[in-house]
2 protein chains.
Amino acid sequence: MSRMPVAERRVQLIEAALRVACRDGIDAATVRAVAAEAGVSLGVVHYCFLDKDELLRAVAAAITEQNVASIRDIAEATDLHGLLESAVTNFWAGIIANRGEQLLGYELTTTSLRHSEMGHVAIDQYEGAWSALEVFLQDIEQGAGIRWIVPYRQLARTIVAVVDGLALAWLVDGDDEVGRAGMLGFARFLETQATPSADSENADGELDVIVRSAVERATLPA
Amino acid sequence: MSRMPVAERRVQLIEAALRVACRDGIDAATVRAVAAEAGVSLGVVHYCFLDKDELLRAVAAAITEQNVASIRDIAEATDLHGLLESAVTNFWAGIIANRGEQLLGYELTTTSLRHSEMGHVAIDQYEGAWSALEVFLQDIEQGAGIRWIVPYRQLARTIVAVVDGLALAWLVDGDDEVGRAGMLGFARFLETQATPSADSENADGELDVIVRSAVERATLPA
DNA sequence: GTCTATAGTTGGATAGAC
DNA sequence: GTCTATCCAACTATAGAC
């Protein structure tokens with residue numbers, strides 16, 4: 001464990017803090033617990049980070065980056081329906097596979113909103129998610145040959161809000177299936193927010209989507 | 001301050017704890033801080049409550065009851081559109097008027113999900129909201145002469161999820177107007193989940209609603 | 001019933017040996 | 001750079017005086 005460059009040591013400690021906080025909650029992520037998890041002594045943490053809050057901010061940044069990355073990793077598909085369905089399914093699977101991390105995200109948000117030492121953490125979390133989703137929505141327009149009928153940012157905020165709500169409810173009652181159904185229902189709603197783009201290569205198939213959706217009316221269950 | 005029945009003293013302490021926690025966050029609601037806020041000495045709190053967690057559980061119950069009550073207090077209106085619009089507007093106003101309490105609700109939820117001592121708090125919060133909304137949805141059916149085309153519970157869960165998501169985003173970025181717009185957009189979506197009931201007294205007017213909504217497509221902004 | 005005093009823990013941060 | 005020892009603050013909880 002000895003003789004390690006500071007930069008490397010920092011990532012080691014951030015990973016240890018992430019493990020502890022995901023497993024036992026943000027309150028359990030004390031400097032002592034993180035040091036023990038990383039197998040280093042107490043002083044090392046204070047040598048690598050100014051104080052506990054700087055360590056927690058680094059952990060929050062790591063989680064946000066991870067969330068943003070998971071938004072980018074979306075399966076490709078030819079039509080809008082299949083694309084949204086697979087995107088939503090994959091995204092939900094990523095959530096329920098990391099309960100501790102998901103919960104930690106909300107703990108970090110509320111902590112940031114209370115304590116000024118945690119400064120911009122909450123804003124960075126949401127700004128990161130909103131921005132990544134804007135890019136994602138633009139990519140879909142290209143890939144599926146559609147145009148969104150509401151502004152990117154507005155739609156991005158809606159997606160984050162619905163996912164947050166479904167994730168919170170799932171954290172509380174643990175019902176995987178209800179959550180998945182809610183996400184799929186939301187995907188159907190999203191279809192109604194798209195219209196075939198003028199320069200679409202397969203405008204006919206896409207037109208079919210928008211017509212169906214207007215008739216069937218999207219059910220947005222949870 | 002002296003000579004007060006225990007039951008009365010308990011509500012006094014719960015109110016003090018609520019004030020402190022709303023103002024400074026759940027971590028700041030220590031036994032000491034609550035005692036100081038209530039103007040009693042440290043020992044009194046431990047005399048009225050078994051331990052700190054019992055006090056916090058009582059605070060959580062008070063908040064949940066308050067939330068449930070705010071769901072019941074909904075302005076009356078003749079048609080579905082006006083009813084949903086006023087309900088949503090009033091509800092949102094209640095949220096942004098109590099930022100601290102709203103944030104405390106999420107702090108209590110995450111705390112409950114981590115610490116077994118806080119036991120059923122999170123479940124009680126959501127079960128309470130879901131149940132109250134089920135009753136609300138049934139009342140609307142009577143009042144507006146409609147039938148919901150999805151099960152009560154499912155729709156109730158959707159409402160809680162969307163409100164949670166919008167409230168969280170508002171807590172982070174503080175944009176009252178975007179939040180209000182999101183709520184109103186969601187109200188328009190809810191209209192598409194209703195159909196005129198067979199025994200409606202003014203079936204013609206209600207039919208108009210469902211036809212409009214199917215054509216205009218609900219925009220659910222945030 | 002109420003208050004003071006204090007026990008017993010925990011955790012952030014630092015000083016100083018190695 | 002790393003570890004041990006230690007300080008100091010804040011908190012829960014209780015014991016015992018009044």
Side-chain angles (χ1 to χ4, degrees), chain A residues 1-21 23-60 104 107-108 111-112 114-119 121, chain B residues 1-17 19-21 23-60 107-108 111-112 114-119 121:
Chain A
M1 313 304 173
S2 42
R3 293 298 127 163
M4 186 180 286
V6 187
E8 199 171 333
R9 181 69 83 191
R10 279 177 64 99
V11 312
Q12 180 200 356
L13 289 174
I14 291 170
E15 284 168 0
L18 196 53
R19 279 197 303 275
V20 174
R23 193 174 60 231
D24 303 323
I26 196 172
D27 292 339
T30 66
V31 177
R32 293 178 132 85
V34 171
E37 175 81 18
V40 302
S41 67
L42 195 54
V44 176
V45 179
H46 281 293
Y47 174 74
C48 294
F49 296 91
L50 202 71
D51 57 12
K52 185 196 176 185
D53 294 317
E54 191 181 289
L55 172 58
L56 276 189
R57 283 195 297 269
V59 169
L104 177 59
E107 292 180 289
L108 285 166
T111 302
S112 165
R114 285 290 188 194
H115 306 305
S116 58
E117 316 90 67
M118 290 293 283
V121 165
Chain B
M1 314 298 177
S2 43
R3 295 294 128 163
M4 187 181 283
V6 187
E8 200 172 331
R9 181 70 81 191
R10 279 176 62 101
V11 312
Q12 181 199 356
L13 290 173
I14 291 170
E15 283 168 0
R19 277 197 303 274
V20 174
R23 192 175 59 231
D24 303 323
I26 196 171
D27 293 338
T30 67
V31 177
R32 290 178 131 84
V34 171
E37 175 81 18
V40 302
S41 68
L42 196 55
V44 177
V45 180
H46 281 294
Y47 173 74
C48 295
F49 295 90
L50 202 70
D51 57 13
K52 185 195 176 185
D53 294 316
E54 191 181 288
L55 173 58
L56 277 188
R57 283 194 297 269
V59 169
E107 291 180 289
L108 285 167
T111 303
S112 166
R114 285 292 188 194
H115 307 306
S116 57
E117 316 89 68
M118 290 293 283
V121 165

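The sequence lines fix the lettering, A, B, ..., with proteins before strands; numbering per chain opens at 1. Note that the structure is a prediction, hence the values are computed from the model and not measured.
- The distance from atom CG of A:L18 to atom CD of A:E37, rounded to the nearest 0.5 Å, is 10.0 Å.
- Within 4.0 Å of A:T30, counting heavy atoms only, lie sugar-phosphate atoms of the nucleic acid but no base atom.
- The CG atom of A:L42 sits 11 Å away from the P atom of C:dG11 (whole-angstrom rounding).
- Two residues are said to be in side-chain contact when any heavy atoms from C-beta on lie closer than 4.5 Å; B:E117 and B:L56 fail this criterion.
- Between A:D24 atom CG and A:R19 atom CZ the span is 12.0 Å, to the nearest 0.5 Å.
- Rounded to an integer number of Å, the gap from B:D27 CG to D:dA9 P is 21 Å.
- If you measure from atom CG of B:L56 to atom C1' of D:dA13, you get 15 Å, rounded to the nearest angstrom.
- To the nearest angstrom, C1' of C:dG11 lies 14 Å from CG of A:D51.
- Between A:R32 and A:S41, the residue anchored nearer the 5' end of DNA chain D, judged by the nucleotide with its closest heavy atom, is A:S41.
- Under 4.0 angstrom from either OP1 or OP2 of C:dG1 there lies no side-chain N or O belonging to B:R9.
- Nearest to the side-chain atoms of B:H46 among the listed nucleotides D:dA13, C:dC3, D:dC3 stands D:dA13.
- If you check C:dT2, C:dG11, D:dT4 against the side chain of B:M4, the one that comes closest is C:dT2.
- Distances shorter than 4.0 Å separate none of the side-chain N or O atoms of B:Y47 from OP1 or OP2 on C:dT2.
- Whole-Å rounding puts the B:D53 CG to D:dC11 C1' distance at 13 Å.
- Rounded to whole angstrom, the span from the CG atom of A:D24 across to the P atom of C:dG11 amounts to 12 Å.
- The CG atom of A:D27 sits 7.0 Å away from the OG1 atom of A:T111 when rounded to the nearest 0.5 Å.
- Summarising the geometry, the separation between NZ on B:K52 and P on D:dC11 is reported as 9 Å, rounded to the nearest angstrom.
- The distance between atom CD of B:E8 and atom C1' of C:dT2, rounded to the nearest whole Å, is 16 Å.
- Judged by distance alone, the side chain of B:Q12 and the main-chain N or O of B:A38 form a donor-acceptor pair under 3.5 Å.
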